[in-house]
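Take a look at the structure set out below.
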Amino acid sequence: MKIEEVLYNHFKFRTFKLGQKEIISSILDGQHTMAMLPTGTGKSLCYQLPGYLLKGQVIIVSPLLSLMQDQVEQMKIRGEKRVVAINSFLSWPDKRQILNNLNNYKFIYISPEMLGLDHVLDRLKRLKIGLFVIDEAHCISQWGFDFRPEYRKLGAIREKVGNPLTLALTATATSDVVRDIVSSLHLEDWKEHIFSVDRPNISMKVETLNEVLDKQRRVVELVEYLQGPGIIYFSSKKLAEETAELLKSNGNRKVMAYHGGLEQESRILIQQQFLKGELDVICATSAFGMGINKEDVRFVIHYHMPLQIESYLQEIGRAGRDGEASVAILLYVPGDEQLPLQLIDNELPSEAQIDWLFEWMGEHGHSMLAQSEADIRSLAGFTDTQWRLIFDYIINLDLDQTSLKEGLNNFKIFIQNRNTIKRKKIAEVKNWTQSTECRREKILKYFDEQKKMEITNCCDRCGIQFEQYNKREKLDQEPSFQFHWKDYLSAILKK
DNA sequence: CGGTGGAAAGCTAACTTTCCACCGGTGCCTTAGT
């Protein structure tokens, strides 16, 4: 069957979007594939379509539970019943039932953590896997070292399930990150399909203010002025909440804050309200965004600077998916880089902490580590992330082969390298805000690309007609239908 | 680093100034013989 027929029969599309056909053909040729497509261009089709032509199961490693649930829902709506998500939303009888009958499914979504469990992996080993997909593959590089170490184990897992044909998908990866992803997955012979990260309809602007307090005033002005809907990104949950309240008290009723500290249920609710146009503005942390498919976001404001250019691009890329003119504004105050620097300090253990721990191990033996966890953590003041990183390193340390001292030094070097890389990335963001070059050109260079054409309203360095983003008229219409939140939530959470 | 909130100090009673400690994104997973 021709792939166009499959496209129509299963997805009801007549034509492919940019890049889809190349990526699908590469997979069907049996090539491991590393694909980069700009945000919002239909990445899931790149593995769903081949699924209908390949023998065996498609395993999709996905970073977020909500993303998995969403994809499963969408596939079910489309009429595909052989789809399942294996994650902690499942009750244990359901989980056992599903694991015992994996052969009944064609598309299996799973988190990297779940994939790392032996009893789950044993079941997967018995399948004939047609395609192994890593969705949002930049997470391997971005989260894999410290925040979610299971991401670093995907290469070993791939080998355990018999080196299946593999597709890694992402929207933003520098050439370094692409290399990192490929080597981490232990892919030896692969094909790259990299499409431009550029989104010409998003214009970029940096506003330098004198004082931190000016930001509040400026955000209120901008929300008042700009055509919505929009997203405002913060690096602090508290400030996101406070600013949402401030905007509300200024008459913008349809504003909500969104961050990782909220209950799962409120998060889904707020996200869905935003998608359905019942909210104008979201004051969010970096928790908000992955898997948000809203076509008409008109502006993205950065109240704080992101920790790396990749994150910036991901975040502004949530604007203008419909192709219409949209604007990204970053507010900068000298000294703003201190907050991200502080955040990475909380992520990585300090030299003193590492020394202390190895001394402790010298005295008590490393086998005591797991049972004394609580004591050690409170004595040295390790954060969750720091501890996981340390623990993961030490349990994998072969003390028959390596001395404790050697282990200590290697670990210190590892941490130093991580620290240097993270600091460098923050410096790159800062440089970008200070640079007098074209904003777009500078970002494209970072991704080894060149600006190919002149763009109207490119960036503040090239010149912007800012009035274009003004709201022309305020529409205050109530939604014309009633959405049943309760039913929706129970469907998503309990299924 | 920079802001914040609470306590102490200053100096004469009800309020201001100074000081100090603290905080600051991201998410999975926690039960078993076939």
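Just so it is clear, the values below take in all heavy atoms, side chains as well, and ignore hydrogens, waters and symmetry mates. Chain A is the first sequence line, chain B the second, and so forth, proteins listed ahead of strands; every chain is numbered from 1.
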query = What is the base-pairing partner of B/dG24, counting Watson-Crick and G-U wobble geometry with both distances under 3.5 Å?
reply =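 B/dG24 is paired, partner B/dC1.
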ask   = In Watson-Crick or G-U wobble terms, both distances under 3.5 Å, what is the partner of B/dT16?
value =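 Partner of B/dT16: B/dA9.
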request  = Side chain of A/Trp92 only, please: which of B/dT31, B/dC28, B/dG24 is the nearest?
outcome  =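 When the side chain of A/Trp92 is considered, B/dT31 is the closest of B/dT31, B/dC28, B/dG24.
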inquiry  = Closest approach to the side chain of A/Arg148, judged atom by atom: which nucleotide of B/dT34, B/dC28, B/dT26 is it?
reply    =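 Between B/dT34, B/dC28, B/dT26, the one nearest the side chain of A/Arg148 would be B/dC28.
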inquiry  = Give me syn or anti for B/dT31, where syn covers glycosidic angles within 90 degrees of 0.
reply    =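 For B/dT31, whose glycosidic angle is more than 90° from 0, the conformation is anti.
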Quick one: [X] [atom1] to [N] [atom2], roughly how many Å, whole number?
X	N	atom1	atom2	result
A/Met290	B/dT26	CE	P	12 Å
A/Tyr303	B/dG25	OH	P	13 Å
A/Glu337	B/dC1	CD	P	11 Å
A/Leu348	B/dG25	CG	C1'	14 Å
A/Tyr151	B/dG27	OH	C1'	10 Å
A/Phe147	B/dG25	CZ	P	12 Å
A/Gln264	B/dG27	CD	C1'	10 Å
A/Glu347	B/dG25	CD	P	12 Å

[N] versus [M] - spacing of their [atom1] atoms, nearest Å:
N	M	atom1	answer
B/dT34	B/dC28	C1'	27 Å
B/dT18	B/dT12	P	16 Å
B/dC20	B/dG25	C1'	27 Å
B/dC19	B/dC11	P	13 Å

Between [X] and [N], does any side-chain N or O lie under 4.0 Å from OP1 or OP2?
X	N	value
A/Lys95	B/dT31	no
A/Arg123	B/dG33	no
A/Ser111	B/dG27	no
A/Ser88	B/dT30	no
A/Thr285	B/dT26	yes

query = Is there a donor and acceptor pair, one atom on the side chain of A/Arg126 and one on the base of B/dT34, closer than 3.5 Å?
reply =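 When only heavy-atom distances are counted, A/Arg126 does reach the base of B/dT34 through a donor-acceptor pair under 3.5 Å.
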ask   = So, A/Tyr446 versus A/Trp432, ring centres under 6.0 angstrom or not?
value =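 No; A/Trp432 has its ring centre 6.0 Å or more from that of A/Tyr446.
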task = Look at the side chain of A/Arg199 and the backbone N and O of A/Ala319, then say whether any donor-acceptor pair between them is shorter than 3.5 Å.
result =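 Yes, the answer is positive, given that a donor and an acceptor are paired below the 3.5 Å cut-off.
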ask   = Around A/Trp190, counting heavy atoms of other residues, nucleotides and ligands shown, do more than 12 lie under 6.0 Å from its CH2?
value =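 Atom CH2 in A/Trp190 is not crowded, with 12 or fewer foreign heavy atoms closer than 6.0 Å.
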inquiry  = Taking atom CG as the centre, does A/Asp118 end up with more than 12 heavy-atom neighbours from other residues, nucleotides or ligands that are less than 6.0 angstrom away?
reply    =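 Open.
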For a quick check of understanding: with a heavy-atom distance under 4.0 Å over all strands, which category does [X] fall into, base, sugar-phosphate or nothing?
X	answer
A/Leu65	sugar-phosphate
A/Leu64	sugar-phosphate
A/Gly335	nothing
A/Pro306	nothing
A/Arg388	base
A/Asp336	nothing
A/His259	sugar-phosphate

inquiry  = Let me spell it out: for each of A/Pro93 and A/Thr385, pick the nucleotide of DNA chain B with the closest heavy atom. Which residue's pick is nearer the 5' end?
reply    =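 Its nearest nucleotide being more 5', the pick is A/Thr385.
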request  = Identify, between A/Val212 and A/Ser286, the residue whose nearest nucleotide on DNA chain B lies closer to the 5' end.
outcome  =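 Its nearest nucleotide being more 5', the pick is A/Val212.
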query = Can you name the closest pair of heavy atoms from A/Leu239 and A/Phe234 and give their distance?
reply =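 Smallest heavy-atom distance, with atoms named: O-CE2, 3.8 Å.
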query = Under 30°, 30 to 60°, or over 60°: which ring-plane class applies to A/Phe382 and A/Trp387, parallel, tilted or perpendicular?
reply =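 Geometry flag for A/Trp387 against A/Phe382: tilted rings.
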message = Taking A/Arg418 first and then A/Glu347, would you say they form a salt bridge - that is, a charged N and a carboxylate O separated by under 4.0 Å?
response =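 Looking at A/Arg418 and A/Glu347, the cut-off is not met.
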